[in-house]
Each structure stands twice: as structure tokens, then as C-alpha cells.
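None of these values were measured; they are calculated from a predicted model. Chain naming here is simple, since letters A, B, ... match the order of the sequence lines and numbering starts at 1 in each.
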Protein chains: 2
Amino acid sequence: MASPKIVSQEAAPDRSLVRGRDTKALILDAAEALFSVHGYDAVSMRNITSRAGVRLALATYHFSTKESLFESIIARRAEVLNERRLVALGAILDRGAPTVAQILTSFIKPYLDLRVSRDVGWRNYSLLIAQLAQINRWLPLVDKYFNPTAHRFHEALCAALPELPKPVVSRCFVFAIQLMVSELAGNERIDTLSQGALSGNDVKQVYLDLIPFLVGGFEAIARREAASG
Amino acid sequence: MASPKIVSQEAAPDRSLVRGRDTKALILDAAEALFSVHGYDAVSMRNITSRAGVRLALATYHFSTKESLFESIIARRAEVLNERRLVALGAILDRGAPTVAQILTSFIKPYLDLRVSRDVGWRNYSLLIAQLAQINRWLPLVDKYFNPTAHRFHEALCAALPELPKPVVSRCFVFAIQLMVSELAGNERIDTLSQGALSGNDVKQVYLDLIPFLVGGFEAIARREAASG
DNA sequence: GTCTATAGGCTGATAGAC
DNA sequence: GTCTATCAGCCTATAGAC
């Protein structure tokens, strides 16, 4: 009586847990796609589970509440992004004292690479992050998942600009983060303003202008401080 | 029988219309304050009318739908802002060929001045605009109310940078708009990143760094183009 | 222009069977 | 881990009296 049951367990061990992992990912992907386009409050748990092809009750079973589902979405890709950024930063620090351009590149390039990768989830994620960055309600989440890494880059920038007061470096860095987040989300304001000559969705093209623009901003502030001090 | 009625009409003509104007403004102010903090979808018509101290039915009576109420909010202050910007632009154009710094200043300074004015509605409005700028859903509204003025500044920038291809000017201008919108909303990301040394709410301080940063960005891109062409 | 009352539908979250 | 069914409450918008 017992032995057939054991054999069957070994042949297909704990299939319910495996299904659970798939379900979780399906819900995360669907929610990420919907939140990124419509915003957190415009999307219902029914919208999400219906897109994911699972039953309503599974969303709260796996994620408890809508808010904690949202946080799980942020956390999932933040881990990947933070690690890639820290690897890039470590690489240039190993080669000696890096320039501002190198530090900004090691912060932004990993984001761009993921954003244009085959995994379209990163496109949705970038839209989500752009919204996070604009609504103070989500600031605790931003701080929790992105500040530890951001502080490492902040330190590197301070080391590269020893003559600048720390708060001035903070300000420029926040300018850079804010512009990166908005522009790599694929902001389409430029489409009409340039009368069709450019598209905000072409983020690779945006990136080519973004880095020199930001470096120029840092340098201008540094020049001003040098002149006034 | 008729004459007393006429006298009374002249003494207090059409009081219901007057009340209607007050009610409209009360609803606009309440909606602006709530939308700016919580976002469009998180705020209900009940929230709005309750904050305004008027009955629910009055909101749809005066504004038809929630979306058109939202558009009325955007339109109300856009007219004021656009006019101030065009006056500032006209002033520097009258004095001859303006620099990039002067053009950006005439675009951003009127926004800052209103943002820090006694009318706290402008603070709420700046938060609203920052959200508009980030969600493609509202792009038609942004284009409708802000593009005509933006195009005037775009032309001035092209004239000030004749050696730059127009799309490159568009790109830099969109960078400037985007950063202005985010930063003058009082983005508080800097509060934790600078470990309390700065506050994003101090937008006058932000402004002092914003203009040179942006001008430095324009100049860096211009240098790159000059070197490559 | 303002009021009350309500239609018709959606919301997040849960209970309890399997 | 997944299912059905449901609770209790909220939503936008409107009808019709005053």
C-alpha cells in the first residue's frame, strides 16, 4: 500500500510546488506589464490574474496583498540590476581612479543593456521605475531597493571629484539618476517636439546623448564651484 | 407686482451663477490637491467633492466626467504659465540674440516663480505635471497644452545653436524639460541620498544648480558635434 | 445650481471544499 | 496549490425634485 505511493512521489515529486513557482512568475509578469502601462491604482487584481490566466484567489494566496505583489515586482529585477551595476563599478575601480564619465557609464549602461535585451519584461520594468521615481508614495521602496547601490556610486563620484562639496555631488548625481530613469523609460515627448525626427522609444539613441549631456552637467557645476571657491 | 422683482434682480443679479463659479473653483482646487499627491486613479469623485465641501452630483454637473475635470485642472494653470514664459522669451529676444542660458532661464524661471509663490496650488500643480510627464496615457494633454509654447523655445534654441542639427537640439531640450519637471516638483530622492544635507523640497536651491547643469549639458553636446562634424 | 437617491458595476480580500 | 462563491464596500454617472 505504501510502496506505490512512494514510487509515484519520486517520479513526479511535489508537482504542486512546481506549479506554484510557475504561477508566481505568471502573476508577476502580468502585473508588471499592466502596472507599467496603466499605473498601480488603475490596475485591479482581476485584470492581473485574468491576463496571467490564473484564478483570482491565487494572487492573494501567493502575494498576500496588492501592495506586496507590487513590491515583489520591484524587488525581482532590482536584485539583478544592482548586481550588474556593482560588477561594472568594481571593474573600473580595479583599473584605478575612474572618471565621472566612467562612473556614470557603469551606472547607466547595465540598465540600458537590460532595457534593450530580449526580455521585454525589462521594458515594462523601466516604465514602472519611472513612475516610482515621480510619486513620493513609493519613495520608501526606491530607498529600500536602490539606495544601497546608489550610495556606492555616490562614494565613487565623491572620490572622482574631491574638490566638490559632497552635497553638490549628491545634487548632480540625483539629476543624473532622474534623467536616466525618465529617458530610458522611453519617454515619447520628443516624438512630437522633434516633429517625428526622433523617437523616445529608441533608447539606444537616447543613451548616446545622455552620457555626454550628464558629464557636461557635472563639469559645469565643478567649474562653477572652482570659480567661486 | 413686477417692479419689486426687477429691483431685487438688479440688487442681487443671478446669485446662482456666482455660486456656480465658486463651486467650480472649490472642486478644481480640491481635485488638484488630491490628484497631485495620490495620482489620478487613486482619487475618487467622492474624495474630491468631500474635500471641496460640495455634493457629489455637483462635480459631474460642472465638469461632466472625471477625465474632463482632470483636463480642466491642467488647462487652468497652463494658460498662466505659458503666457509668463512667452513674455520672458519675448523680453530676451527683443534685446538681441539670446544665449542658451538665457533661453533656458526664460523657460524655467517663470515656472519656479509660480511654484514658490504664495498660491500653494502651484506646488500641487508641479507634482501633477511631473506625473503627466511620465505616463504616456497623458501625452495628448501635454502636447495640447504645452507644445505650442515649447515649440517657440525650441526655435529660439535652434537659432542660438545654428551649428547643431535640429534633432540634437530637440534632444537636449527634452532633457532640460524632463529634468526641470522632475526637480521643480520637489523630488525627495535627494533627501536620503544626501543623508539629510539637502532637501528636494527646497526648489529654489535646486534651481541654482539646475540651470548651470543644463547649460553644461547643452555645451558638451555642442562640443561633441563640433568635433565630429 | 443644488439636492437626494440610486443604478449598475467594480474593488481587495477571504472562507472553505478539493 | 487551486478552486468556487461571496462579503462588504467602493466606484462613476445619472434621474428627477426643488
Side-chain angles (χ1 to χ4, degrees), chain A residues 5 8-35 37-74 137-138 141, chain B residues 5 8-35 37-74 137-138 141:
Chain A
K5 195 182 173 190
S8 129
Q9 274 183 346
E10 284 172 0
D14 226 342
R15 182 162 300 281
S16 60
L17 277 176
V18 172
R19 261 211 290 166
R21 265 200 292 280
D22 289 354
T23 301
K24 276 186 99 155
L26 283 171
I27 293 171
L28 282 171
D29 289 341
E32 185 177 61
L34 290 172
F35 284 150
V37 173
H38 304 101
Y40 178 80
D41 295 292
V43 174
S44 71
M45 296 296 261
R46 280 171 176 79
N47 296 151
I48 294 166
T49 51
S50 143
R51 182 183 173 120
V54 305
R55 305 284 167 181
L56 173 63
L58 288 179
T60 44
Y61 172 77
H62 284 291
F63 297 99
S64 307
T65 65
K66 188 184 174 186
E67 276 218 23
S68 101
L69 164 59
F70 187 70
E71 179 165 350
S72 298
I73 295 169
I74 303 303
R137 167 183 185 187
W138 301 119
L141 244 50
Chain B
K5 196 183 173 189
S8 126
Q9 273 183 347
E10 285 172 0
D14 225 342
R15 182 162 299 283
S16 61
L17 277 176
V18 173
R19 260 210 290 166
R21 266 199 292 279
D22 288 353
T23 301
K24 275 185 100 154
L26 283 172
I27 293 171
L28 282 170
D29 290 341
E32 185 177 62
L34 290 171
F35 284 149
V37 173
H38 304 102
Y40 178 80
D41 295 291
V43 174
S44 71
M45 297 296 260
R46 278 173 175 77
N47 296 151
I48 294 166
T49 51
S50 143
R51 182 182 174 122
V54 304
R55 304 286 167 179
L56 173 64
L58 289 178
T60 45
Y61 172 77
H62 285 291
F63 297 98
S64 306
T65 65
K66 188 184 174 186
E67 275 218 24
S68 101
L69 165 58
F70 187 70
E71 179 165 350
S72 299
I73 295 169
I74 302 303
R137 166 183 184 184
W138 301 119
L141 244 51

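The distance from atom CG of B/Leu26 to atom P of C/dG1 is 14 Å, rounded to the nearest whole Å. With rounding to whole Å, A/Asp41 atom CG is found 15 Å from C/dC10 atom C1'.
Comparing A/Asn47 and B/Val54 by the nucleotide of DNA chain C whose heavy atom lies nearest to each, the residue mapping closer to the 5' end is B/Val54.
With sequence neighbours left out, the side chain to side chain donor-acceptor pair (under 3.5 Å) criterion links A/Arg137 to A/Asp41. Taking B/Ser44 as the reference, B/Asn47 meet the side chain to side chain donor-acceptor pair (under 3.5 Å) condition, with sequence neighbours excluded.
For the atom pair A/Leu56 CG and A/Tyr61 OH, the distance stands at 15.5 Å (nearest 0.5 Å). Here the straight-line distance linking atom OG of A/Ser72 with atom NZ of A/Lys24 works out to 7.0 Å at 0.5 Å rounding.
If you check D/dC11, D/dT2, C/dT4 against the side chain of A/Leu58, the one that comes closest is D/dT2.
The two atoms that bring A/Ile48 and A/Ile27 nearest to each other are CG2-O, 3.9 Å, heavy atoms only.
Relative to the ring axis of B/Tyr40, B/Lys66 places its NZ or CZ within 45° and under 6.0 Å from the centre.
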Using a 4.0 Å heavy-atom cut-off to protein, can you give one letter per nucleotide of nucleotides 13-18 of chain C, 5' to 3': B if the base is in contact, S if only the sugar-phosphate is, - if neither? BB----

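Side-chain nitrogen and oxygen atoms of B/Ser44 include none within less than 4.0 Å of the OP1 or OP2 phosphate oxygen of D/dC10. Contact between the side-chain N/O atoms of A/Thr23 and the OP1/OP2 oxygens of D/dG1 is not found at any separation under 4.0 Å.
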